[in-house]
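Only one structure is covered here, and it is reproduced in the block below.
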Amino acid sequence: MLARIRKAYLELPIRLKFQIWFMPLLIVSAGSIGFISYVTASNQVLDKIAQAQNNISSQTVSHLDYLAKDIYDIYSYLSLSSELHDLLSPEASYNSAQVVNSMINRLLSTRQFFQSLLIFSDNHPTIKFNSLNNNEIISYEAYKTSGIYLQTVAQVVKGAWGVEEGPMKLFIGDQRRKVFYSKVLVNPESLKKEGLMIIGMTEEDFRKSFGPARDNVEIIVINEDGTILSDSDGKWSGRAFTELPYYNHVPFSKVDWDKNEKQWLITHTASAATGWHVLVIQPKIEELKQLNQIRWLTIGFVVMILLINVPLSWLLSRLFSNPLMRILRSMREVQAGDFQQHVEIELRDEIGQLGKGYNTMVMRIKELIQDVYESKISQKEAELRMLQSQINPHFLYNTLNSITWMSYREGAEKTADMIQRLSEFFRFNLSQGADVITIEKELMIVENYFFLSKIRFSDKLTYSIEVEEHLRQFRVPKLLLQPLAENAVVHGIEQMEGQGFIHLSIREEGQQLIFEVTDNGMGMAPDTLERLRMAVLMEKRIGSADMEGGFALLNMRERLQNHFGKGIAIEINSRLHFGTSVKLKVDMSDAQYREE
């Protein structure tokens, strides 16, 4: 039976075979299109919601950062007040209290959200300001037993944010929950701790500061220790993060902010200014209800596709086969090494897109082969230029050492020192054949060059070298800094008449390693500086780039790119008759470039 079916199938015309296979595939494809359409629509809706949540989260963080900055400014203003520190001292002057009270009233009366300020001290009665009521306040001794006090003392420089929890109330009898900032007062002159300042507001006002509540949108603000400061509904304030259901009650220190339960859409943003975490939450099922209409439209569209394509399926076999055969023939030519192939296809459907993509791919392969070829040539040229710029000094510095000892024996100590430094300069240039050396060894080369140049120019040249100690073992391409030093001497100091000074600095700024050489020499005219900057930025070397020390910078750029990749930059600043500064920046965010 199976043999007869197979024989009959093999005898069928190709178009009928295509029809037999096409119909099931068409049904499956149409169903898949419907499913993908629905999923795509769902993802687009969710993406728009996520984008809206990101905007809400960013705006909330911005409002809260502004609010926190205002509180920090109040603290800074008062903590720098000599009258306040005089008031808290054992020998306070007569009018200090009046001045301090006036300052506090003036500060808080101009702020919309802040209603209370307390200053505790062991040397002075508590200073209290509360625009809402005149309730009795918590005692200093009672406040010292709270967790927020321990955090405040532990973070003298930073201070601590807190919210009233349980029985701990700043103003006894006031049922309105307070969000407050607590920080130790330190005398700026004696650096002694004189007390503690608390600036607060009601949780309701704190909530208003980051905007009104929105339908189905919940905003939660969490402190660094996992305490919920506030939320858009006011139901979580003062509670622990682990009580929230959105992260399956995971401890705050172990939470993965990128993961959450599937039934919620959650956006997380952390504030760099305060360390607060802001969550914007919406139930996913509520947002997807609007897609039901899209689902039925998709099903109807799939049925329509099936009804239209059934009578046309016979013709589609030819539409598929002919352009595909052209692409196949062209691919064989590409495999044989002909990258000039281009397939002309008039169709604009998937086959047309395939042909267009194929043409783009062939062109891109050709470009990549050319780019790799040019990159290899550039790398070899850079290596050759580096080798050409070095002298193989085995014989030379051995001979110089012999001349040095002869000079010492003959009493020409200054000549001997100069020859010795020159010998060391060539020895470090060799570096046992290594292309990559530590910054410490590179500085020895520069030191020897400066020493020789200083002897040459006598009192005309002085220099200084500043390097962060932990960077001395960082590895860089050999002769990275010596060309910069040589440019500074030859093009800057040598041509000037007065006293010349060169400063070399190596430091780390964020994720960047900075090499900077600055001189007070001749400098460059604006047009010369602009041409040199443009030449350094050019992807390919040009002949005119070698003027004014440009060869060293171009060679350095290529060597840095070969060693560190694209994460490098060269900045040149100069002013005619005032000097020049050249700064190299290396992105060290990749761990492979760290100290070995």
Side-chain angles (χ1 to χ4, degrees), residues 385-386 388-391 393 396-397 400 414-431 437 439-467 476-507 514-525 528-529 531-533 535-536 545-557 559-560 570-585:
R385 285 192 294 272
M386 184 185 72
Q388 290 173 343
S389 68
Q390 301 180 35
I391 302 174
L396 182 58
Y397 73 70
L400 290 174
K414 187 173 183 180
T415 302
D417 288 340
M418 187 172 182
I419 296 174
Q420 178 65 25
R421 289 299 186 106
L422 182 60
S423 174
E424 291 178 357
F425 177 79
F426 287 121
R427 179 165 60 85
F428 285 121
N429 277 357
L430 182 62
S431 300
I437 61 176
I439 288 179
E440 186 171 19
K441 291 184 178 180
E442 180 73 13
L443 289 178
M444 293 180 182
I445 298 175
V446 176
E447 282 272 15
N448 287 324
Y449 179 79
F450 277 148
F451 179 83
L452 295 172
S453 299
K454 186 175 177 61
I455 293 177
R456 176 186 171 192
F457 295 108
S458 186
D459 295 332
K460 181 179 180 180
L461 172 64
T462 58
Y463 65 90
S464 67
I465 297 177
E466 181 181 358
V467 58
V476 296
K478 184 172 64 178
L479 293 180
L480 175 66
L481 301 178
Q482 190 273 336
L484 294 180
E486 184 174 349
N487 274 354
V489 172
V490 174
H491 300 290
I493 306 303
E494 182 176 350
Q495 302 177 23
M496 67 182 295
E497 296 181 358
Q499 178 68 34
F501 177 74
I502 300 175
H503 178 69
L504 189 152
S505 171
I506 304 175
R507 61 190 183 274
I514 307 297
F515 302 88
E516 185 174 11
V517 176
T518 304
D519 66 74
N520 67 338
M522 292 298 296
M524 286 180 275
T528 304
L529 175 62
R531 288 199 301 272
L532 184 57
R533 284 175 172 171
V536 171
D546 291 347
M547 53 70 166
E548 296 292 336
F551 175 81
L553 293 176
L554 292 175
N555 190 21
M556 185 181 308
R557 183 198 66 187
R559 293 175 60 211
L560 285 172
I570 300 179
E571 293 184 2
I572 310 171
N573 293 289
S574 183
R575 186 178 175 188
L576 191 61
H577 303 304
F578 283 89
T580 302
S581 172
V582 179
K583 185 183 294 185
L584 309 181
K585 297 183 177 181

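Looking at Q499 and F501, their side chains never come closer than 4.5 Å, going by heavy atoms from C-beta outward. Residues H503 and E466 are in side-chain contact: their nearest non-hydrogen atoms beyond the backbone lie under 4.5 Å apart. The shortest side-chain heavy-atom distance between I572 and V536 falls under the 4.5 Å cut-off.
Here the closest non-hydrogen pair linking M522 and H491 is CB-O, 4.0 Å. Of all the heavy atoms in S581 and T518, the pair that sits closest is OG-OG1, 3.4 Å. Pairing each heavy atom of L461 with each of S453, the nearest pair is CD2-CB, 3.7 Å. Pairing each heavy atom of V446 with each of A485, the nearest pair is CG1-CB, 4.1 Å. For the pair R557 and I570, the tightest heavy-atom approach, listed with the atom from each and the gap, is CB-CD1, 3.8 Å. Heavy atoms only, all atoms of each residue included: S574 and G579 are closest at OG-O, 3.2 Å.
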- [ ] Take N487 and V517 through the side-chain contact (heavy atoms from CB on, under 4.5 Å) test and state the conclusion after the steps.
- [x] CA-CA 10 Å; N487 274 354; V517 176; over 6 Å; no
Open item on the list: Under the criterion side-chain contact (heavy atoms from CB on, under 4.5 Å), I'd like the reasoning laid out for I502 against I493: C-alpha separation, chi angles, the key distance, then a yes or no.
Closed with: CA-CA 8 Å; I502 300 175; I493 306 303; 3.9 Å; yes
Task: Step-by-step side-chain contact (heavy atoms from CB on, under 4.5 Å) determination, L560 to L480 - done: CA-CA 9 Å; L560 285 172; L480 175 66; 3.7 Å; yes
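With sequence neighbours left out, E494 forms a salt bridge (Lys or Arg N to Asp or Glu O under 4.0 Å) with R456. For R507, the side chain to side chain contact (heavy atoms under 4.5 Å, CB included) partners two or more places apart in sequence, or in a different chain, are E468, S505, E509, I514, E516, K583.
Here OG1 of T462 is found 10.0 Å from CZ of F450. Values are rounded to the nearest 0.5 Å. The CG atom of D519 sits 5.0 Å away from atom OG1 of T580, with the distance rounded to the nearest 0.5 Å. Separating the CD atom in E447 from the OH atom in Y463 is a distance of 4.5 Å, to the nearest 0.5 Å. Rounded to the nearest 0.5 angstrom, H577 NE2 and M496 CE are separated by 11.0 Å. Note that the CD atom of E571 and the CZ atom of R533 stand 8.5 Å from one another [nearest 0.5 Å]. In this structure, I465 CD1 and L443 CG are separated by 5.5 Å, a value rounded to the nearest 0.5 Å.
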